[in-house]
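Following: one structure in structure tokens, then a few remarks.
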Amino acid sequence: QVQLVESGGGLVQPGGSLRLSCAASGFTFSSYNMNWYRQAPGKEREFVAAITWSHSTHYADSVKGRFTISRDNAKNTVYLQMNSLKPEDTAVYFCLRGRDYWGQGTQVTVSS
């Protein structure tokens, strides 16, 4: 069955960096667009970044220039490199396959 397992979240100071990973299994990873979303407390889930099967990338305006999405098809993993983190980046970050399967999320907290 399809599984998406996020990791790499944690507590980081403003200006710091984190790299999230989403390990996929149960499907042909290289054939799918993959996405990162996030949900802050009391807010709706929002789009963060996407990478197509052909490695084209797209970003929310709020993270452009700070976050980088990438994928390693040999490892069935999609990454989100997050730099220059801000307190407003605090959220649970989710991996999404296409438009159907979600991971369980990983917490990112940006605080001094």
Side-chain angles (χ1 to χ4, degrees):
Q1 71 278 21
V2 174
Q3 285 194 324
L4 299 169
V5 180
E6 299 95 334
S7 62
L11 173 63
V12 63
Q13 291 187 344
S17 298
L18 281 175
R19 189 177 82 154
L20 306 183
S21 300
C22 172
S25 61
F27 63 99
T28 305
F29 178 76
S30 59
S31 298
Y32 284 83
N33 299 341
M34 297 297 296
N35 308 275
W36 285 98
Y37 277 69
R38 67 186 180 187
Q39 187 166 20
K43 294 188 177 181
E44 293 188 355
R45 197 170 294 190
E46 65 175 4
F47 169 77
V48 174
I51 185 164
T52 68
W53 61 270
S54 60
H55 295 252
S56 294
T57 57
H58 308 274
Y59 297 94
D61 287 345
S62 59
V63 307
K64 275 182 185 175
R66 300 188 298 122
F67 290 11
T68 302
I69 189 171
S70 61
R71 65 191 299 160
D72 185 338
N73 290 339
K75 295 183 178 180
N76 289 351
T77 301
V78 59
Y79 302 99
L80 186 68
Q81 178 67 45
M82 306 187 295
N83 298 329
S84 302
L85 282 161
K86 304 175 182 179
E88 51 263 44
D89 295 318
T90 294
V92 178
Y93 283 71
F94 297 90
C95 179
L96 169 67
R97 182 192 83 163
R99 295 177 182 270
D100 51 15
Y101 284 93
W102 293 91
Q104 83 289 349
T106 186
Q107 175 70 48
V108 172
T109 302
V110 185
S111 175
S112 55

**Item:** For Trp102, side chain to side chain contact (heavy atoms under 4.5 Å, CB included) partners two or more places apart
**Value:** Tyr37, Arg45, Phe94, Leu96
**Message:** Using a 3.5 Å distance criterion without hydrogens, assess whether the side chain of Gln13 forms a donor-acceptor pair with backbone atoms of Val110.
**Reply:** no
**Asked** With sequence neighbours excluded, what pairs up with Lys43 under the salt bridge (charged side-chain N to carboxylate O under 4.0 Å, His left out) test?
**Response** none
**Message:** When you compare the side chain of Arg66 with that of Asp89, does any pair of heavy atoms fall below 4.5 Å?
**Reply:** yes
**Prompt:** How far apart are the closest heavy atoms of Gly26 and Val2, and which atoms are they?
**Reply:** O-CG2, 4.2 Å
**Asked** Just how far is it from atom OH of Tyr79 to atom CH2 of Trp36, taken to the nearest 0.5 Å?
**Response** 10.5 Å
**Request:** Check whether any side-chain heavy atom of Tyr59 lies under 4.5 Å from a side-chain heavy atom of Val48, and answer yes or no.
**Result:** no
**Request:** Please round to the nearest 0.5 Å and tell me the distance separating atom CG of Leu85 and atom CG of Leu18.
**Result:** 5.5 Å
**Asked** Do you know the tightest heavy-atom contact between Ser111 and Pro14?
**Response** C-CD, 3.6 Å
**Prompt:** Between Ser17 and Asn83, what is the shortest heavy-atom contact and its length?
**Reply:** OG-OD1, 2.9 Å
**Message:** A side-chain contact here means heavy atoms from C-beta on lying under 4.5 Å apart; do Leu80 and Arg19 qualify?
**Reply:** no
**Prompt:** In Å and rounded to the nearest 0.5 Å, what is the OG to CG distance from Ser31 to Asn73?
**Reply:** 8.5 Å
**Prompt:** Do Thr77 and Asp72 have side-chain N/O donor and acceptor atoms under 3.5 Å apart?
**Reply:** no
**Asked** Between Tyr32 and Phe27, does a ring-ring contact (aromatic ring centres under 6.0 Å, His included) hold up when you go through it step by step?
**Response** CA-CA 9 Å; Tyr32 284 83; Phe27 63 99; 5.2 Å; yes
**Asked** Is there a donor-acceptor contact under 3.5 Å linking the side chains of Ser54 and Thr52?
**Response** yes
**Message:** Return the CE to CG distance between Met34 and Asn76, rounded to the nearest 0.5 Å.
**Reply:** 9.5 Å
**Prompt:** Can you tell which of Glu44, Glu6, Glu88, Glu46 makes a salt bridge (Lys or Arg N to Asp or Glu O under 4.0 Å) with Arg38?
**Reply:** Glu46
**Complete:** For Ser84, the side-chain hydrogen bond (donor to acceptor under 3.5 Å, both in side chains) test, sequence neighbours excluded, returns none
**Message:** With a 4.5 Å cut-off on side-chain heavy atoms, are Ile51 and Asn33 touching?
**Reply:** no
**Request:** Give a yes or no on whether the backbone of Ser7 and the side-chain of Thr106 come within a donor-acceptor separation of less than 3.5 Å.
**Result:** no
**Spatial distance of atom CZ (Arg71) from atom OG (Ser30) [nearest 0.5 Å]** = 7.0 Å
